[in-house]
A.B. asks: 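Pasting in a structure now, in structure tokens, and then I'll have a few things to ask.
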Amino acid sequence: MFRGQVVSVTRIAFVIVTVVFAVLAGRELSASIRTASISIVAERIERGETVADDVVTKYALRSVDVVDGHYCRSDIVAAGVTLVLAQLDRQNVNVNYDAWAVAASSARQYLRYALSCMPTNSNFWLRLAAVESIIAEEPVAIAEMMKRSVVLAPYDQVMILTRFYFWNDFTDATLAAAKRSLDSDLTTMLKLGDRCRVNATIKEISPQLRPIFDQTWTSVGEAATARFRQRCSK
């Protein structure tokens with residue numbers, strides 16, 4: 001009798017687990033279907049393919065489905081980030097301020113949602129800092145976002161070189177507020193970065209970043225920087 005009860009409990013547990021997995025699998029399938037078009041367009045953008053402005057606008061607006069559906073799957077969220085940033089990049093604040101303002105606000109809101117799903121994503125922190133800087137550059141807040149990006153990916157060369165692009169565009173006030181994070185990035189880049197890729201990245205340095213960069217160049221020493229004088233093959 002007791003053995004029969006154990007078998008029954010085991011069967012019930014098996015059925016419950018099976019149902020739970022089926023429900024979860026169904027939700028994942030539903031999420032994939034509902035966001036498939038967003039992912040497809042995002043992949044085309046990431047591959048460097050030409051995507052018409054109206055197509056980007058259409059699917060950037062549909063990224064709200066990701067938020068409303070509470071989807072936190074990394075591939076789905078990342079596709080939405082690609083689209084809202086592409087939409088913002090295609091706006092000209094001097095030509096159509098209202099469209100730019102809407103795109104900037106949408107990008108900020110979506111990135112905040114993306115970070116609520118993946119708070120350890122260095123790239124999302126960087127992108128949020130960049131968007132915040134063009135809306136209203138608040139040095140202390142942006143410095144904190146950049147700090148998180150650096151802490152989460154301190155030795156990732158792709159991220160360091162990407163961050164350099166934004167360091168190069170920030171104001172004196174933001175660079176001063178983020179000095180420790182900036183110093184970390186510059187030092188790592190000059191000591192460990194690929195010679196040719198770093199040379200290409202530092203070809204143009206903004207006036208506000210130049211003195212900080214030169215100071216770091218000197219501080220890392222001749223032994224580290226001498227290699228950058230070597231020519232890179234085309």
Side-chain angles (χ1 to χ4, degrees), residues 23-137 142 145-146 148-149 152-153 156-170 197 200-201:
V23 170
L24 292 175
R27 174 174 167 75
E28 291 300 310
L29 179 59
S30 174
S32 296
I33 293 172
R34 291 191 62 185
T35 62
S37 56
I38 294 175
S39 298
I40 290 170
V41 176
E43 287 175 5
R44 289 176 58 193
I45 294 172
E46 290 165 1
R47 288 197 299 265
E49 297 180 14
T50 300
V51 180
D53 289 349
D54 60 332
V55 174
V56 172
T57 299
K58 174 182 177 180
Y59 288 100
L61 290 173
R62 288 193 58 184
S63 64
V64 71
D65 293 342
V66 176
V67 180
D68 290 345
H70 303 290
Y71 302 133
C72 267
R73 209 171 75 194
S74 61
D75 59 326
I76 295 176
V77 173
V81 168
T82 296
L83 282 163
V84 296
L85 292 179
Q87 168 69 352
L88 178 57
D89 285 343
R90 296 182 185 214
Q91 304 306 310
N92 188 324
V93 66
N94 297 314
V95 174
N96 190 335
Y97 175 82
D98 290 340
W100 174 87
V102 169
S105 177
S106 296
R108 175 169 60 183
Q109 292 175 14
Y110 187 88
L111 281 163
R112 287 175 175 173
Y113 172 76
L115 282 166
S116 73
C117 292
M118 286 170 279
T120 59
N121 189 301
S122 173
N123 186 49
F124 291 173
W125 282 110
L126 169 61
R127 301 301 174 173
L128 180 59
V131 170
E132 293 284 6
S133 73
I134 65 172
I135 294 175
E137 188 159 345
I142 294 172
M145 296 172 200
M146 292 300 289
R148 295 192 183 192
S149 179
L152 291 168
D156 184 321
Q157 178 169 262
V158 173
M159 281 304 306
I160 290 174
L161 297 182
T162 303
R163 282 195 295 265
F164 184 87
Y165 173 83
F166 293 101
W167 289 126
N168 209 24
D169 203 42
F170 287 147
R197 295 187 65 181
T201 300

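Position 1 is the first residue of the sequence; numbering continues from there.
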A.B. asks: Report yes if some heavy atom in the side chain of Leu152 is under 4.5 Å from a heavy atom in the side chain of Asn121; otherwise report no.
C.D. replies: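 When only atoms from C-beta onward are counted, Asn121 and Leu152 do not touch, as no gap falls below 4.5 Å.
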A.B. asks: I'd like to check Tyr110 versus Leu85 (side-chain heavy atoms, cut-off strictly below 4.5 Å). Are they in contact?
C.D. replies: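 The answer is no; the side chains never approach within 4.5 Å.
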A.B. asks: Working to the nearest 0.5 angstrom, can you tell me the gap between Arg163 CZ and Leu126 CG?
C.D. replies: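 Taking CZ in Arg163 and CG in Leu126, the distance rounds to 7.0 Å.
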A.B. asks: Would you check, one step at a time, whether the test salt bridge (Lys or Arg N to Asp or Glu O under 4.0 Å) holds for Arg127 with Glu132?
C.D. replies: CA-CA 9 Å; Arg127 301 301 174 173; Glu132 293 284 6; over 6 Å; no
A.B. asks: Side-chain donor-acceptor contacts of residues 97-105 below 3.5 Å, not counting sequence neighbours, with atom names and distances?
C.D. replies:
from: Ser105; atom 1: OG; to: Gln109; atom 2: NE2; distance (Å): 3.3

A.B. asks: Quick one: do Leu88 and Ile134 satisfy side chain to side chain contact (heavy atoms under 4.5 Å, CB included)? Show the steps, please.
C.D. replies: CA-CA 11 Å; Leu88 178 57; Ile134 65 172; 3.7 Å; yes
A.B. asks: Quick one, Trp125 and Met146 - any side-chain contact, counting heavy atoms below 4.5 Å?
C.D. replies: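 They are not in side-chain contact.
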A.B. asks: Between Val158 and Asn123, is any pair of side-chain heavy atoms under 4.5 Å apart?
C.D. replies: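 Heavy-atom side-chain distance check fails, nothing below 4.5 Å.
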A.B. asks: Taking C-beta and beyond as the side chain, do Leu161 and Gln157 meet within less than 4.5 Å on heavy atoms?
C.D. replies: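 The answer is yes; the side chains approach within 4.5 Å.
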A.B. asks: Using the side chain to side chain contact (heavy atoms under 4.5 Å, CB included) criterion, which residues pair with Asn168? Sequence neighbours excluded.
C.D. replies: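 Asn168 satisfies side chain to side chain contact (heavy atoms under 4.5 Å, CB included) with Phe164, Ile205, Ser206, Leu209 once adjacent residues are dropped.
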A.B. asks: Are any non-hydrogen side-chain atoms of Thr162 and Phe166 less than 4.5 angstrom apart?
C.D. replies: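 Yes - at least one pair of side-chain heavy atoms lies under 4.5 Å apart.
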A.B. asks: Do Tyr71 and Val77 come close enough that some side-chain heavy atom pair is under 4.5 Å?
C.D. replies: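 Of all side-chain heavy-atom pairs linking Val77 with Tyr71, none is under 4.5 Å.
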A.B. asks: Find the distance between CG (Leu83) and CD1 (Ile38) and round it off to the nearest 0.5 Å.
C.D. replies: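 That separation rounds to 7.0 Å.
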A.B. asks: State whether a side-chain donor-acceptor pair under 3.5 Å links Thr57 with Gln87.
C.D. replies: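 The answer is yes; a qualifying pair exists.
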